[in-house]
Participant: 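Below are the structure tokens for one structure; questions will follow.
Just so it is clear, the values below take in all heavy atoms, side chains as well, and ignore hydrogens, waters and symmetry mates. Here the structure is a predicted model, which is why all the values come from computation and not from measurement.
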Amino acid sequence: MMLKKLCLLITVAASVSACSSFYNDSAVAPDGGRFVSGQYDGSKAIFHCPSTPDAGDCERINVDFK
């Protein structure tokens with residue numbers, strides 16, 4: 001249930017914010033937060049989100065594919 005609330009909050013925050021962010025899927029991060037895959041300004045992106053909605057904003061992670 002908490003995961004559904006967090007995903008809903010992320011979706012609402014993305015739609016209200018000025019940037020064009022879209023979230024597709026997520027996975028558990030080692031620190032209890034979530035890794036979220038999606039898009040930012042039309043490019044694929046990975047975000048790290050805190051474990052609780054009141055703990056701050058999601059941060060975009062730089063990923064290099066080799």
Participant: Measuring from F47:CZ to S26:OG, what's the distance to the nearest 0.5 Å?
Facilitator: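 Going from CZ on F47 over to OG on S26, the span is 13.0 Å.
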Participant: What closest approach, in Å, do S51 and G32 show between heavy atoms, and which atom pair accounts for it?
Facilitator: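 Heavy atoms only, the tightest pair is CB-O, 3.2 Å.
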Participant: Any side-chain heavy atom of H48 sitting closer than 4.5 Å to one from D31?
Facilitator: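 Counting from C-beta outward, H48 and D31 do come under 4.5 Å.
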Participant: How about D54 and T52: does a side-chain donor come under 3.5 Å of a side-chain acceptor?
Facilitator: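 Yes, side-chain donor-acceptor contact under 3.5 Å.
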Participant: Which donor-acceptor pairs under 3.5 Å do the side chains of residues 56-63 make with protein atoms, sequence neighbours left out?
Facilitator:
none

